[in-house]
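The structure appears right after this line, and notes come after that.
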Amino acid sequence: MTLEGKKRLVSFGCSFTSGAELIDHELLGISFDDCNEMKRQWVTDKKTFHAFEIYVADKCEMTTEEYVNAGSKRSYAAKLADKLGLEHVNYAIPGSAVDHMTLDLFRGHYTKKLNPETDLIFLGITTPHRYLSFLPEKTGLPVSRVMSHREFFDADVHYNDYKVMQTFFFALQNFKNFCIANNFNFYMQLMTIKELLFYNPTNPKANMFADIYYDWQYLLTFERILQEILEYAVDPNLSLHFPMNFTPCGFDHPPESVHERFSKELYDKIIAGQN
């Protein structure tokens, strides 16, 4: 991928790319450890991560969008953009599924908010167990759902592990093909190690999809799609989450020091590819 003529790094992704939890302790005026203790109690009380985001935003008199964008300024994507000398534009949304990211890519292009001449597109590939739905009572507001929640809207009852796997890989293919067709320079980088994104016959307990068995007829098809997607990674062996030699934030997101490490690894690989 060329950096020539590029002025902005536009990042798509989920909470890993948006910089979730990075500045909560600063916004609340408490230590990182005290903030984590507060979050652990939050989990014990069966309150959600999203509810905590709203709590912090309200406490700081911010909209949720302002809160997300404040955190994004400390994310690996923002740090990478700074190292590359580019402006950072954040499209990442906490909880976002890949088909949600792809839809926002389409909208950004067709509303002329994205420019293939000046924008470098960066997709932080999230985990597969999410899918895009729409809130009918809010005129089709997009909302990404997580399979583990199993709290379906009526329209979602047919989603299962097989369906979300198909949706995940189709969305990745659509993102890639759309960027190619519209002449965007882009990267699609894993947030976790690639072994966790697919069925592992040697260690079934490591699989994200309990219902998918080694002999599913479409498994090899999706494995080939994943291999093609990884050709567009900065480096398929780099991951935000590994090595796991850090104390995570209270809701298990990596802290800012890990974002800094990851951004430097990405920068070194990108620059090496330019030379």
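Atom-to-atom distance recorded for T126:OG1 and M101:CE is 5.0 Å, nearest 0.5 angstrom. Distance check, rounded to the nearest 0.5 Å: OH of Y267 to CG of L84 gives 6.5 Å. Atom-to-atom distance recorded for L28:CG and C60:SG is 5.5 Å, nearest 0.5 angstrom. How far CE of M188 is from CD1 of I125: 5.0 Å, rounded to the nearest 0.5 Å. Atoms NE2 and OG, on H88 and S75 in that order, are 4.5 Å from each other to the nearest 0.5 Å. Taking CG of L105 as the reference point, atom NZ of K176 lies at 14.0 Å (rounded to 0.5 Å).
The closest side-chain heavy-atom distance from F262 to Q189 is below 4.5 Å. The shortest distance between side-chain heavy atoms of T167 and F170 does not fall below 4.5 Å. Side-chain contact between L190 and S239: absent, with no pair of heavy atoms (C-beta onward) separated by less than 4.5 Å. Here the side chains of I229 and Q173 are in contact, with some heavy-atom distance below 4.5 Å. N182 places none of its side-chain heavy atoms less than 4.5 Å from the side chain of P116. In this structure, C14 and R130 have side chains that are in contact, with non-hydrogen atoms separated by less than 4.5 Å. Residues H259 and R74 are not in side-chain contact: their nearest non-hydrogen atoms beyond the backbone lie 4.5 Å or more apart. Between L80 and F122 there is a side-chain heavy-atom pair separated by less than 4.5 Å.
In summary, the side chains of D24 and Y67 do present a donor paired with an acceptor at a separation below 3.5 Å, with no hydrogens or angles considered.
Heavy-atom minimum distance, L132 versus A97: N-CB, 4.1 Å. The two residues N185 and K6 have their closest heavy-atom pair at ND2-NZ, 3.1 Å. The shortest non-hydrogen separation linking L9 to A77 is CD2-O, 4.1 Å. Residues P142 and F134 come closest through the heavy atom pair CA-CD2, 3.7 Å. The heavy-atom pair separating F168 from P128 by the smallest distance is CD1-CA, 3.5 Å. The two residues E53 and P94 have their closest heavy-atom pair at OE2-CG, 3.5 Å.
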Residues E87, K7; criterion side chain to side chain contact (heavy atoms under 4.5 Å, CB included); working and verdict: CA-CA 6 Å; E87 176 189 352; K7 298 180 180 179; over 6 Å; no

message = Checking F52 against Y55 for the ring-ring contact (aromatic ring centres under 6.0 Å, His included) test, could you report, in this order, the C-alpha distance in whole Å, the side-chain angles of both residues, the deciding distance, and whether it holds?
response = CA-CA 5 Å; F52 191 84; Y55 164 77; 5.8 Å; yes

- Evaluate side chain to side chain contact (heavy atoms under 4.5 Å, CB included) for V258 paired with R261, printing each intermediate quantity in order. CA-CA 5 Å; V258 175; R261 182 266 301 166; 3.3 Å; yes

**OP:** Go through the steps for V89 and S11 under the test side chain to side chain contact (heavy atoms under 4.5 Å, CB included), then give the verdict.
**Re:** CA-CA 6 Å; V89 179; S11 59; over 6 Å; no

Exercise for review: Check the pair I270, Y187 against side chain to side chain contact (heavy atoms under 4.5 Å, CB included), reporting the backbone distance first and the verdict last.
Suggested key: CA-CA 10 Å; I270 290 173; Y187 291 106; 3.8 Å; yes

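A salt bridge does not link E265 to K269: none of the charged nitrogens lies less than 4.0 Å from a carboxylate oxygen.
Every residue two or more places apart in sequence or in another chain that forms a side-chain contact (heavy atoms from CB on, under 4.5 Å) with T111 is listed here: R107, K113.
Listed for the T102 side chain is a donor-acceptor partner under 3.5 Å among the backbone atoms of A171. Side-chain atoms of D119 come within 3.5 Å of backbone atoms of N115 as a donor-acceptor pair (strictly under, hydrogens ignored). Checked by atom type and distance alone, the side chain of N90 never pairs as donor or acceptor with a backbone atom of N69 at under 3.5 Å. R8 contributes no side-chain N or O that, together with a main-chain N or O of T118, makes up a donor-acceptor pair within less than 3.5 Å. Without hydrogens or angle criteria, E21 side chain to G250 main chain gives a donor-acceptor distance under 3.5 Å.
In terms of hydrophobic clustering, with Ile, Leu, Val, Met, Phe, Trp and Tyr side chains grouped at heavy-atom distances under 4.5 Å, I23 and F251 are assigned to a common cluster. Under a hydrophobic-cluster definition in which Ile, Leu, Val, Met, Phe, Trp and Tyr are linked whenever side-chain heavy atoms come within less than 4.5 Å, directly or via other members, Y218 and F169 are assigned to the same cluster. Taken together through direct or relayed side-chain contacts under 4.5 Å among Ile, Leu, Val, Met, Phe, Trp and Tyr, I180 and L3 form part of one hydrophobic cluster. Clustering ILVMFWY residues whenever any of their side-chain heavy atoms sit less than 4.5 angstrom apart, transitively, puts F49 in a cluster other than the one holding F16. By the criterion of side-chain heavy atoms lying less than 4.5 angstrom apart, applied directly or through intervening Ile, Leu, Val, Met, Phe, Trp or Tyr residues, F12 is not grouped with I93; the two fall into different hydrophobic clusters.
For Q41, the CD atom sits in a packed shell: over 12 heavy atoms of surrounding residues, nucleotides or ligands are nearer than 6.0 Å. For Q274, the CD atom counts as densely surrounded, since its 6.0 Å shell holds more than 12 non-hydrogen atoms of other residues, nucleotides or ligands.
Ring to ring, F175 and F186 are not that close: their centroids are 6.0 angstrom or more apart.
Listed by first and then second residue, the ring pair (Phe, Tyr, Trp, His ring centres under 6.0 Å) pairs that reach into residues 98-117 are F106-F178, H109-F178, H109-F184, Y110-F178, sequence neighbours excluded.
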Pairs under 3.5 angstrom only: tabulate donor-acceptor contacts from the side chains of residues 241-248 to other protein residues two or more places apart or in another chain.
{"from": "H241", "atom 1": "ND1", "to": "M191", "atom 2": "O", "distance (Å)": "2.8"}

